[in-house]
Amino acid sequence: MHDDANGDAKDAADRAARRGGPAGGADPEFLSLERELTVLLRRARANQGEMAREVHPDLEPAAYGLLIRLDELGRQRATELAAYIGVGKATMSRQLRALEELGLLAREPDPADGRAWLVDLTDEGRSRVGRVREARRARYVSQLAHWDRREVAELARLLHQLNRVMEK
C-alpha cells in the first residue's frame, strides 16, 4: 500500500503503545483502521459538499448521493432510494422535491403501481452530475498517478469488500 498512510498509522499505534497500550485493549491494526477511516470519512463529507455545490449551488450535500444513485441505476421508486440512503419517507420526499425544484430530477407515475412514483434525473441533472463525476475521477487520476495501477485496483477491491460487509 502507500508508505505515508502506513507510516502515519504505525506512528499512531506506537504512540498508543507508549501510553500503556491501545485503548480498550484493541489491536493496533484496528486502531489504525479506525483512524484512517475517520480521516477518509471526514474528507469524503467535505468533498460531497463541494461536489454538490458544483452540481448546483443550492444543492444540499446529502442529496448528492441520490443523484449518483440515479445516475448509476436510472429511475427508481422513492422508497427504494430512501432505503438505500437510510432515511425516512418524509425526508426523502423533501429531498426529492428540492431536487425537482432545481430542475435536476423528474417524477412520473410508476406504470406497475399507480400509487407509486418513479424518479429519475432530468437531462440537465444527468449532464451536471456527469461533469462533476468526470472531474472527480480526473482528480483521483492526478492524485494517485504515482501509484501502481494494481494498487489502485486493490484499494477499490478492498473498499468494495468493506462496503459489502458494512451493508449487513
Side-chain angles (χ1 to χ4, degrees), residues 1-2 5 30 33-168:
M1 188 75 157
H2 192 79
F30 286 95
L33 175 63
E34 177 191 23
R35 178 186 174 278
E36 297 304 324
L37 283 175
T38 299
V39 171
L40 178 67
L41 293 172
R42 179 179 44 79
R43 287 185 178 148
R45 279 190 296 275
N47 286 339
Q48 186 172 4
E50 291 172 19
M51 291 180 287
R53 286 186 296 280
E54 288 175 26
V55 170
H56 193 285
D58 297 330
L59 184 64
E60 291 182 31
Y64 182 76
L66 292 173
L67 297 177
I68 296 302
R69 183 74 171 179
L70 289 169
D71 188 44
E72 290 179 348
L73 298 180
R75 63 188 191 161
Q76 293 184 38
R77 285 185 175 188
T79 53
E80 293 169 327
L81 288 169
Y84 173 75
I85 300 293
V87 298
K89 287 171 31 174
T91 300
M92 182 55 55
S93 238
R94 183 184 58 78
Q95 287 182 344
L96 293 176
R97 192 169 33 261
L99 290 169
E100 196 171 17
E101 289 170 5
L102 294 174
L104 303 173
L105 179 137
R107 300 180 202 220
E108 62 183 57
D110 184 345
D113 181 353
R115 299 166 298 164
W117 291 86
L118 294 172
V119 295
D120 199 2
L121 296 176
T122 61
D123 289 341
E124 178 68 15
R126 196 167 310 286
S127 172
R128 287 178 180 237
V129 169
R131 282 193 305 266
V132 171
R133 293 187 82 186
E134 183 57 38
R136 180 174 58 172
R137 281 189 295 276
R139 282 193 302 267
Y140 291 154
V141 168
S142 172
Q143 291 169 335
L144 301 177
H146 62 285
W147 283 35
D148 184 282
R149 291 273 180 160
R150 290 177 301 232
E151 288 180 312
V152 175
E154 180 66 0
L155 176 59
R157 185 190 70 76
L158 290 170
L159 288 171
H160 177 76
Q161 187 175 336
L162 178 65
N163 284 328
R164 290 192 53 130
V165 168
M166 297 298 193
E167 277 179 2
K168 298 174 182 177

CG/D123: more than 12 non-hydrogen atoms of other groups inside 6.0 Å: no
Do Y64 and V132 make a side-chain contact, defined as non-hydrogen atoms from C-beta onward lying under 4.5 Å apart? yes
For S127 and R131, does a side-chain donor sit closer than 3.5 Å to a side-chain acceptor? yes
Please confirm whether the backbone N or O of E34 pairs with a side-chain atom of T38, one donor and one acceptor, at under 3.5 Å? yes
May I ask you to test the L99-V119 pair for a side-chain heavy-atom distance under 4.5 Å? no
Any non-hydrogen side-chain atom of L37 less than 4.5 Å from a side-chain atom of L162? yes
Heavy atoms from other residues, nucleotides or ligands near CZ of R164 exceed 12 (cutoff 6.0 Å): no
Would you mind reporting whether R77 and L118 have side-chain heavy atoms less than 4.5 Å apart? yes
Answer yes or no: is there a side-chain heavy-atom contact under 4.5 Å between L159 and L155? yes
R94/E60 salt bridge by N-O under 4.0 Å criterion: yes
Is the shortest heavy-atom distance from the side chain of L66 to the side chain of M92 under 4.5 Å? yes
Give a yes or no on this: more than 12 heavy atoms of other residues, nucleotides or ligands lie within 6.0 Å of atom CZ of R42. yes
Please determine if E54 and R136 form a salt bridge, counting it only when a charged side-chain N lies under 4.0 Å from a carboxylate O. no
Give a yes or no on this: more than 12 heavy atoms of other residues, nucleotides or ligands lie within 6.0 Å of atom CD of E124. yes
Decide, yes or no, whether a salt bridge links R97 with E100 under the criterion of side-chain N to carboxylate O below 4.0 Å. no
Test: R133 and E72 ion pair at under 4.0 Å: yes
Can you tell if the side chain of L70 reaches within under 4.5 Å of the side chain of L81, non-hydrogen atoms only? yes
Inspect the surroundings of CZ in R150 and state if more than 12 heavy atoms from other residues, nucleotides or ligands are less than 6.0 Å away. no
